[in-house]
S.K.: 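My structure is below; once you've seen it, I'll send some questions.
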Amino acid sequence: MNKTVNKTTSDPVDKPIIEIIKMHKWYGDFHVLSDINLKVQPKERIVICGPSGSGKSTLIRCINRLEEHQRGQIIVNGTELTNDIKNIEKVRMEVGMVFQHFNLFPHLSILENLTVGPIWVRKTPKKEAEEIAMMYLEKVHIAEQAKKFPGQLSGGQQQRVAIARSLCMHPQVMLFDEPTSALDPEMIKEVLDVMIDLAEEGMTMIVVTHEMGFAKSVADRVMFMDEGQIVEENNPHDFFDNPQHDRTKLFLSQILG
Amino acid sequence: MNISPHLSPRSGISAGWLRSNLFNNWYNSLLTIIILLLIWQLVPPFFSWAFINSLWNSPAVDCRDIDGACWSIIPQNIDFIFFGFFPEDQQWRPGLAMFLLLGLVFYSKDRNHWKKSLFVYWAINLVVMGTLMYGGVFGMPVVETAQWSGLPLTFMLALFGMVAGYPVGVLLVLGRKSRMPAIKTLCVVYIEMIRGVPLISLLFMSSVMFPLFLPEGVTFDKVLRAQAAIILFTAAYIAEVVRGGLQAMPRGQFEAADSLGLNYSQSMRLIILPQALKIVIPPSVGILLSAFKDTSLVVIIALYDVLKTTKVTLSNPKWANYSTEAYLFLALLYFVCCYSMSSYSRKLEKDLHTGH
């Protein structure tokens, strides 16, 4: 990574923006997440890595209720996630998500993709929503494509639009579910650069990724998950140079070669 | 493709084109020869029957002397074929009603007009059409619905059937997918029961059985019953087709809409349904075309749509021999309507294609 990013210096006694307490989740009989405990401070950048099937995507999807947890508590920005739809919608307004496969709305133009959230959820007037959208499109360096449709853009461009779309809702937290895994190598850098800019501006981020360079230079904490449990978490320096558990060591040797 | 070097295909029908498209191997050549023979046998006699030896607008007696088609049956009976039992001097009313209805259909074709106001226009048109046909105000004598017949009846039943059946169908499928067990069961039972019976039996039941359950003296207008039956029937089939479209939607679309904070009705209305309905335009149009043609079944409840009025014309001994001409005309009428709908749907698909 070419850029060096200032690490967070938030006081650990700050009220956490996300709190997960003794969370468990099952798919039928399969125990996909066990005893997850996590506190995320504002402006913190967390990278979660692990082998596939370890539950890392499931974990972040529980944070915005795309998945339901069966036991334990998840509290986002002071609101606890339960079956109450009002709470769920309140949380979703503050939590933005970027998906591995972008999930842009193909029947809407790029500009419309960005304004649909603010107009209908935050009740922003159309003109103001479009101004906000153009501002974020410029931020991700894709303003000239505003009138095009997602099908006409490359993968890297689509993912940047997806990031801008989430940012238009002014979320407190951004979740990234393997944002570069579906991209060609040449396009990965343009997306990671956008994410680094975001981190520098102080966005709280939880990123599931295999991009270890990103983790080393941006993350405040790196977490390793395996078989539904958080096996190890540490600051990047100690995590990569001095892994404690055997499973972590095995995974790192496989991914870093 | 074996193309001889001298006879390379050029644009237009040249020897090379013939060779490579119609005679490129032995079974295609055989097929071409058979079809050419069939065309030779059938087309010239038909042409001379239909166009050369035919009469177009003459009294019935003259038709007995000719060898060809007696198209006169149509112009001579046009009032009855088009308007049925509607009183002759009042036939301007259904004529105007049909004109307004078709005008609204043309207006609705333009997607820029697809706003909330369009629903209002259709509702107003329903009222205006009903008033024109029924009368009783502005000095127009009352014409009972039993006398409404011919083309206005066909168009009314078909068009309002389609325009109302489609949204009801969409509501049904959303109900079927609902997590509330009462609504879900109700919708499933409704859809399966309607799909389990032919439309003709629904019409029959609506006309004969339904009145038995109504209190003494309360009657439901016959045309209204037929209209309701067609709407309910179409809705059930549309529901299943749209269900297929919803199932084809990638889960990521639902998740992206949810993660933005859109609620159920917003994500359905803005994100999911526009895409799902577009996917199922081809089968939906098939259902709507069937609904259009199924209006001819109302004959079972003694309503005279355009098919029946044409048939009645044939029961007149003067014209009884010319059923071929009458049914060919009717086929042409149905074809023009259905083909317009189907070519519009293709244009709609093309317009909505956003390159993905």
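Keep in mind that the numbers below use all heavy atoms, side chains included, and drop hydrogens, waters and symmetry copies. Since this is a predicted model, take the numbers as computed values, not measurements. So you know, we letter chains A, B, ... as the sequences are listed, proteins then strands, and number each from 1.
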S.K.: Looking at B/Met193, I want to see if its CE is surrounded by more than 12 non-hydrogen atoms of other residues, nucleotides or ligands under 6.0 Å.
M.R.: no
S.K.: Please list, in residue-number order, every residue in residues 88-99 of chain A that has a heavy atom less than 4.5 Å from any heavy atom of chain B; write 'none' if there are none.
M.R.: A/Glu89, A/Arg92, A/Val95, A/Met97, A/Phe99
S.K.: Heavy-atom count check: over 12 atoms from other residues, nucleotides or ligands less than 6.0 Å from A/Lys139 NZ?
M.R.: yes
S.K.: Of all the residues in residues 245-265 of chain B, which have a heavy atom that comes within less than 4.5 Å of a heavy atom in chain A?
M.R.: B/Arg251, B/Gly252, B/Gln253, B/Glu255, B/Ala256, B/Ala257, B/Asp258, B/Ser259, B/Leu260, B/Gly261, B/Leu262, B/Asn263
S.K.: What side-chain donor-acceptor pairs closer than 3.5 Å can you find for residues 164-183 of chain B, not counting sequence neighbours?
M.R.:
unit_1, atom_1, unit_2, atom_2, d
B/Arg176, NH1, B/Glu192, OE2, 3.4
B/Arg176, NH1, B/Glu240, OE2, 2.9
B/Ser178, OG, B/Met180, N, 2.9

S.K.: Can you pull out the residues in residues 161-179 of chain A with any heavy atom less than 4.5 Å from chain B?
M.R.: A/Arg165, A/Met169
S.K.: Should the heavy atoms of other residues, nucleotides or ligands under 6.0 Å from CZ of B/Phe119 be counted, would the total exceed 12?
M.R.: no
S.K.: Is a donor on one side and an acceptor on the other found under 3.5 Å between the side chain of A/His107 and the backbone of B/His353?
M.R.: no
S.K.: Which heavy atom of B/Gln266 sits nearest to which heavy atom of A/Trp120, and what is that distance?
M.R.: NE2-O, 3.0 Å
S.K.: Counting neighbours of OH on A/Tyr27 that are heavy atoms of other residues, nucleotides or ligands and sit closer than 6.0 Å, is the number greater than 12?
M.R.: yes
S.K.: Would you find more than 12 non-hydrogen atoms of other residues, nucleotides or ligands less than 6.0 Å from B/Tyr107 atom OH?
M.R.: yes
